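Okay, so here's the structure we're looking at.
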Amino acid sequence: MIQTLDERQQKIQALRTSISERGVKHFIDGAWADSVSGETFETATPIDGSFIASVASGDARDIDLAARAAARAFPAWRDLSGKERRRILNKVADLIEARADEIAHLETLDTGQAIRFMKSAAARGAENFRFFADRAESAQDGLSLPTQGFLNYTIRQPIGPVGVITPWNTPFMLSTWKIAPALAAGCTVVHKPAEWSPVTAMLLAEIMDEAGVPKGVVNLVNGYGESAGKALTEHPDIKAIAFVGESSTGSLITKQGADTLKRYHLELGGKNPVVVFADADLDKALDAVVFMIYSLNGERCTSNSRVLVEQEIYQEFTARVAERARNIRVGDPFDPATEIGPLIHPKHTEKVCSYFTLAAEEGAVIAAGGQVIEGNFVQPTLFTQAASGMRIAQEEIFGPVLTAIPFENDAQALEIANGVKYGLAGYLWTNDLTRAHTFAQQLEAGMVWVNSENVRHLPTPFGGVKASGIGRDGGDYSFDFYMETKNIAISLGTHKTARLGVSQPQPARDEADRKLAE
Ligand code: NAD
């Protein structure tokens, strides 16, 4: 159904009013709550900086209430049958689908991401719940490892209450990607969303409550990283932290959690290369390269923010990217035709734009964009003639900014591709089969796509190497994180146990003692 501009504006206004009247609160032990301190902060839309809602600003006291609630709720949720967990999580998916339009609009309001992408992000949120719901019954499955005289078998058991800390880019989808497997595994959760985009986490908590997730199983505490986030990583009842955010924050979190010996899954930053060889299907490569840097405002961990192009096609290929970049529609993120909306926050806009000046200082060419349009709206930008050592080729800019670097041969391409501290994703465009396999295996990245943009298949592992993270999500990999694997060894009654304190050792005993000493 096509909406008129008026209808669209009325709908957005109605959503804004409902959120601003309610305010964004914590959800602890099945109830909405203000902070113990009474403190709040404001969330504003990056579209024009106007107020959306006041947000409860949690600290260690709110986290303590939430973590204790999660600990109390854990035994009953752990012991619920996988079948019942599956039913509840499928209900969550149904309710996300029913409210997908509202979720997408509020996400666009809060983050500035174009509505065309937020609609699919909301749908993906439901898909995440459905995917892990279907695996709830088999989450505990293990291996049978028989040996002579023994049957060994492994089972997986949920680790306990876990903390989920999410960033501001596509916050709804990312929250579901963490919370759904945790719940399917039988863990309880305390979620701390990012302070720049807290609105849709509230919707998710509301939906899970309505779907019948028992009280205390999922708790939401809003607040700043250095207060609420830090307290969550330090809380003794929280057994593991699933974190998505910057590499420097990931490192801080591991330090903060050291005293309570937590398990971490860290999904961190990236400076992902897309390597385009002259033998590739260049039309397809062009579409993919443009999509993977300029969609989602370039605020995407798996964006191909470095394009490495073989020398002989470098001029032509980068000219085509520049032309596309200049044609991208930047504007009102609620307009279905818009491709890039405003960046998340004035501070982030300032950071992204600082690279425009830097590119010129470093001697690169600004082949497209390089200007602020207005407020948080920036031009899709392409830097050409860049060298791998430049900061524009090394640092995560996290905006619609692409750095193009030429290369002469495979070895040089690989050296440049791997010559950054990050290692999240890599993309490769070639029709040479041997090169595709060899190069893909040598790329320092957790995930490689050959002749494709990022197309996710949920059972496959997701995660990075080097400064891009530790651990994997996806399918069974998620259960390895949220669960402990236990080995149970059952004797079949045939093995001999060494006997101590027997004065006259029998020959068989001697043999057993000898084995023990081995
Ligand atoms: P960030 O690290 O600043 O914040 C992420 C979250 O951590 C927020 O909720 C924040 O409040 C919290 N936090 C901050 N300091 C903390 C502390 N000391 N203790 C506990 N929590 C703390 O990241 P951001 O700017 O919100 O997000 C952008 C980053 O996220 C980029 O680097 C991007 O690449 C990364 N990211 C990675 C993936 C991935 O899958 N690898 C996905 C999305 C985003």
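Ligands are counted one by one from 1 in listed order, and the atoms in each one are counted from 1 as well. Here the structure is a predicted model, which is why all the values come from computation and not from measurement. Only heavy atoms go into these numbers, but all of them, side chains included; no hydrogens, no water, no symmetry mates.
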Nearest option to atom 41 (N) of ligand 1, as decided by whichever heavy atom of Ile165, Ile253, Leu268 sits closest: Leu268

Contacting atoms of ligand 1, where contact means under 4.0 angstrom from a heavy atom of Trp168: 24 (P), 25 (O), 26 (O), 27 (O)

Note, Gln371 side chain near Phe356 side chain (heavy atom, < 4.5 Å): no

Aromatic ring proximity Phe41/Tyr224, centre distance under 6.0 Å: yes

Glu267, any N or O under 3.5 Å of ligand 1 N or O: yes

Taking atom 20 (C) of ligand 1 as the reference point, the nearest protein heavy atom with its distance: Gly229 C, 3.2 Å

Polar atom proximity, Gly225 to ligand 1 (N or O, under 3.5 Å): yes

Check: Glu444 side chain, Lys466 main-chain N or O, donor-acceptor pair, under 3.5 Å: no

Close side-chain approach of Arg156 to Tyr482, heavy-atom, < 4.5 Å: no

Heavy atom of Trp196, distance to ligand 1 below 4.0 Å: no

Any Gly469 heavy atom less than 4.0 Å to ligand 1: no

Protein contact to atom 6 (C) of ligand 1 [nearest heavy atom, distance to 0.1 Å]: Thr166 O, 3.5 Å

Polar proximity ligand 1 side, Glu246 side, N/O cut 3.5 Å exclusive: yes

Of the listed options Gly245, Gly250, Gly464, closest to atom 30 (O) of ligand 1 (non-hydrogen atoms): Gly245

Side-chain touch Ile115/Pro333, heavy atoms, less than 4.5 angstrom: no

4.5 Å side-chain heavy-atom contact, Trp177 and Arg456: yes

Mode of Arg300 contact toward ligand 1 - side chain, backbone, both, neither (heavy atoms, under 4.0 Å): neither

Ligand 1 atoms in contact with Lys230 (distance to a heavy atom under 4.0 Å): 19 (N), 20 (C)

ring-ring contact (aromatic ring centres under 6.0 Å, His included) partner of Tyr427, the single match among Phe291, Trp449, Phe439: Trp449

Minimum heavy-atom distance Cys187-Phe74, with the two atoms named: CA-CE1, 4.2 Å

Atom 4 (O) of ligand 1 within contact range, any protein heavy atom under 4.0 Å: no

Identity and distance of the protein heavy atom lying nearest atom 36 (N) of ligand 1: Cys301 CB, 3.6 Å

Sub-4.0 Å atoms of ligand 1 with respect to non-hydrogen atoms of Gln256: 17 (C), 18 (N), 19 (N), 20 (C)

Contact check: Leu174 vs ligand 1, nitrogen or oxygen atoms, below 3.5 angstrom: no

Closest approach of any protein heavy atom to atom 27 (O) of ligand 1, naming residue and atom: Pro167 CB, 3.2 Å

Closest protein heavy atom (residue, atom, distance) for atom 10 (C) of ligand 1: Glu195 OE1, 3.5 Å

Verdict with reasoning, Thr200 to Asp110, per side-chain hydrogen bond (donor to acceptor under 3.5 Å, both in side chains): CA-CA 8 Å; Thr200 53; Asp110 209 15; 5.8 Å; no

Atom indices of ligand 1, in the order listed, that fall short of 4.0 Å to a heavy atom of Phe462: 40 (O)

Check: Glu226 N/O within less than 3.5 Å of ligand 1 N/O: no

Lys/Arg-Asp/Glu bridge criterion (N-O < 4.0 Å) met for Asp287, Arg324: yes

Parallel, tilted or perpendicular: ring planes of Phe132 versus Phe479, cut at 30 and 60 degrees: perpendicular

Contact partition for Pro193 relative to ligand 1, non-hydrogen atoms under 4.0 Å: backbone

Element-labelled atoms of ligand 1 that are located less than 4.0 Å from some non-hydrogen atom of Leu252: 18 (N)

Phe27 and Trp32 aromatic ring geometry - parallel, tilted or perpendicular at 30°/60° bounds: tilted

Nitrogen or oxygen atoms of Glu396 and ligand 1 under 3.5 Å apart: yes

Numbering as shown, the atoms of ligand 1 that approach Lys192 to under 4.0 Å (heavy-atom distance): 8 (C), 9 (O), 10 (C), 11 (O)

With sequence neighbours excluded, residues passing side-chain hydrogen bond (donor to acceptor under 3.5 Å, both in side chains) with Gln379: none

Pro400 side chain reached by Thr381 side chain, heavy atoms, under 4.5 Å: no

Atoms in ligand 1 with a heavy atom of Leu424 nearer than 4.0 Å: 41 (N)

Proximity of Val244 to ligand 1 by residue part, where a heavy atom lies under 4.0 Å: both

Among Leu296, Thr249, Asn169, closest by any non-hydrogen atom to atom 44 (C) of ligand 1: Asn169

Check: Glu339 side chain, Tyr294 main-chain N or O, donor-acceptor pair, under 3.5 Å: no

Below 3.5 Å, can you tabulate the donor-acceptor pairs from side chains in residues 158-170 to any protein atom, sequence neighbours excluded?
{"residue": "Thr166", "atom": "OG1", "partner": "His191", "partner atom": "NE2", "Å": "2.8"}
{"residue": "Asn169", "atom": "ND2", "partner": "Glu299", "partner atom": "O", "Å": "3.2"}

